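Owing to the predicted nature of the structure, the values given are computational and were not obtained by experimental measurement. Chain letters run A, B, ... following the sequence lines, proteins first and then strands; every chain starts at 1.
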Amino acid sequence: MFAVVVYYSSLTRTVTGGPTEQQLGHLDVMPVLVLSEGAGPGAQVPSHLTRIPFSLISTSTNYTNKTVKGKVVLKGPLVFLAADNFILKTVIQEEESQPSASSQKLSINVVLFGALAKDFNQAVNQGDVVVASGFTVGKSPTFHKDKLHPCNLLLSEDDSCIYVSRLPPPPDPRSPPAIKRRSALSAEVSRTTKVPKYTYVRLSDLKAGSVVNVYGVVLFFKQPFKSRGTDFCSSLKITDQSNQKICCTVFCEKLDDHPKIFKIGDIVRMHRVKTKFFNDSITLINTFGFSVVTFDGAVGGAVEPRTSSRSFHFDQEDVQIVEELRSWAASQALLPPVPKIPLSAVQPSAYFDLTCQLLAKAPIDTTCTLLRVWDGTRCPHTLLKVIVEPNVTEGPSSFSTVRENLIANILVYDNHVEVARQLKPGAFLRIYNLRAIPGSSKVPGLTSSQSEEVDHLAFHLHGGTAYGRGIRVLPENSPDVQELKRVMEAVPDNDMDDELNDSALLEIWSTPPEYLEFFLDLDKNLTTKRIFFAGGGFLIQNSYQWTWWFVFPGNAVKTKCRQCSEAAVREPSAEGVKLIDEKIIAEALGVQLLQFVLLMKLELQDATDTLDVFLWRDGESFFGVSAEDIAANQEAQNSICQTMDSLCPPGGRTGERPWLDLCLTAYRAEDNGRRDQTCYQICDTIITKHPSTRSDPDPA
DNA sequence: GGTTAGGCTTTG
């Protein structure tokens, strides 16, 4: 038996089968909860309403007279927005009565506003089955995170109904649950007061000398910049359906209090701004109690308020105003048709806004900072290379060739240097009014006559805030960042044929193994193999990407030591030598040949603890095989595989693994102060193969 | 409680 709760948000609705006004008493626009018993779920859902499956929900359909039904699988907290205004998110899962091709149950986010949220919080529990009507549908902003339905349902106190059914609790003769609930709810209703409404003044109706609330579409904006006074200053120009264009200035000490505007077309709502005449026009300036909320301006997108404010008013009316402004702006074509310009579409000499990820940065001088960024696309033009000292670089100082070819070096000047100082590598940015400056640079050939001028593009963010020049960190959940990530994820991280570029090689060569993960970004490319030793110890082999870094799961790093190589170009002195091999060429060019390095990371365990150790400098003597042979010689690879198999038989039990005596070196590793840790390397230890099955390494 | 800026016609 079900107890059925019918929940009406407003008496102004006429619902077939619903309670009469007498039953409800005299109430004024109040959410009402009515109980009845003995009926099945949905029994009192008005007959003119028809249920639709979650799979048919999209933003392009009208849902008048439609319902959805689902079990409450998640009930979020009741969030206080303003006096007697609330928001609550819940997730409902489709019930099985709708046959579905997929056995997977669909779930959808539901957002409740106002008193509806408050009463839902009281009346509904996780596990209840609800039927909802009178909802609108928006794009779910959390779709990529929660993988639930791409849309969400928006329910307001004025338009929506929720019908709740649940299995009744065990009967309690002293206090029937239905009665109890009714009285609890009555008390709730008597406490409810009217939500304060804000009124918004059309921009054409502004009169000087008043304090108003306004909504508008952003036509122009400057990111907050430091004023000469105590505050940051934001500058924006907005318009609305009246077509009046109004300049606004916001002074706030805290950046968080400024409007979070990402692009032209965003929608901004400001509370408590004062109107003032300047240059024969009305302007707006923030005044006491000022607050601002912004929204994305894309038609059909989720209406998600962007604010750092912990308490702000936001209800269905705001959703409506935003949506109206969005459609109006789209119909007016008043926004300059600035398509998003990725690096792949950058035109020489053009100014553009770039959405990108910061990979590394380095100060050039007091007025200039280098930002190394990418957006996952490749600029067809040769890009300016900027060489900086690795030790002044924040973030990796070099990248794989594949990645390097996608990186744009941006020089930011003057006031932007301070902003750049705060940025962290990894951050997603939008850089406004970036200039792609064509230029040429000399690339030396073997002889001076072969030097050639090569065109390149340099990226500059000029000083000042004219044209909205500036840098803004975008939140990870913004649609543009989500899109950027999708593009970036599609870029192969490491081309199999790609070798690391010279500076990366240099980095690896001169870098202790404990830092290789940082430089090679091994987290993503690591092949991890766990091999158990006797006593439950185990060993991990890190397999760096290598053409064979497949045959052999160990790893080697091929590197050229630039420190040992001279930059000068020499004439080959190969006269009289018939066989010219790579060593002769290398000598002639003053280049130290690439070398192979064997590197493994092992995790050892004895009865007391585990320990991470590297096998690096003495790796060749440990196995009795040179790294060069391992790279080129199948026999050498087999030899190592055999040794490893004897130490940790594939699929074998821990009891079969031999105990090892190893000689370790402990050392302190530092990396420009970034990390400081004790590391261990196996040293002076060789593996000897006994004719018996016992495999004991002999410490030297 | 007062101050800041008041887009722009584009340096390196």
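Using the six-membered ring where Trp is involved, A:Tyr198 and A:His271 have ring planes that are parallel, under 30° apart on the 30 and 60° scheme.
Of the candidate nucleotides B:dC8, B:dG7, B:dG12, B:dC8 has the atom lying nearest to any side-chain atom of A:Ala466.
To the nearest angstrom, C1' of B:dA5 lies 12 Å from NE2 of A:His258. We find that CG of A:Asn286 is positioned 12 Å from C1' of B:dA5, with the value rounded to whole Å. For the pair A:Tyr467 OH and B:dT10 P, the interatomic distance rounds to 5 Å; values are reported in whole Å. Residue A:Tyr351 contributes atom OH, which lies 7 Å from atom P of B:dT10 at whole-angstrom precision. One interatomic measurement links the two molecules: CG of A:Asn433 to C1' of B:dC8, which rounds to 9 Å at whole-angstrom precision. Between the CG atom of A:Leu236 and the P atom of B:dG6 there is a distance of 12 Å, given to the nearest Å. Rounded to a whole Å, the CZ atom of A:Phe221 is 18 Å from the C1' atom of B:dA5. A straight line from CG of A:Asn415 to C1' of B:dG12 spans 13 Å, rounded to a whole angstrom.
Residue A:Gly464 is out of contact with every strand shown, counting any heavy-atom pair closer than 4.0 Å.
With centres under 5.5 Å and a plane angle under 30°, the ring of A:Phe278 is stacked against the base of B:dG6. In this structure, A:Phe251 forms an aromatic stack with the base of B:dT4, since both conditions hold: centre separation below 5.5 Å and plane angle below 30°.
Comparing A:Leu461 and A:Gly468 against DNA chain B, the residue whose closest nucleotide sits nearer the 5' end is A:Gly468. Residue whose closest nucleotide on DNA chain B sits further toward the 5' end, between A:His462 and A:Lys237: A:Lys237.
Qualifying side-chain contact (heavy atoms from CB on, under 4.5 Å) partners for A:Gln241, counting only residues two or more places apart in sequence or in other chains: A:Arg202, A:Glu324, A:Leu325, A:Trp328.
Phosphate contact (OP1/OP2 of B:dG6, side-chain N/O of A:Lys222, threshold under 4.0 Å): present. Considering only side-chain N and O atoms, A:Arg469 lies nowhere under 4.0 angstrom from the phosphate OP1 or OP2 of B:dT10.
Counting heavy atoms from C-beta outward, A:Phe352 and A:Gln347 have side chains that stay 4.5 Å or more apart. A:Ser291 has its side chain out of reach of A:Ser309: every pair of non-hydrogen atoms, C-beta onward, lies at least 4.5 Å apart.
Under 3.5 Å, the side chain of A:Thr230 and the base of B:dT3 form at least one donor-acceptor pair of N or O atoms.
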Output a table of donor-acceptor pairs, distance under 3.5 Å, between side-chain atoms of residues 459-470 of chain A and any protein atom two or more places apart or on a different chain; print 'none' if there are none.
| residue | atom | partner | partner atom | Å |
| --- | --- | --- | --- | --- |
| A:Thr465 | OG1 | A:Lys222 | NZ | 2.9 |
| A:Arg469 | NE | A:Asn433 | OD1 | 3.2 |
| A:Arg469 | NH1 | A:Gly463 | O | 2.5 |

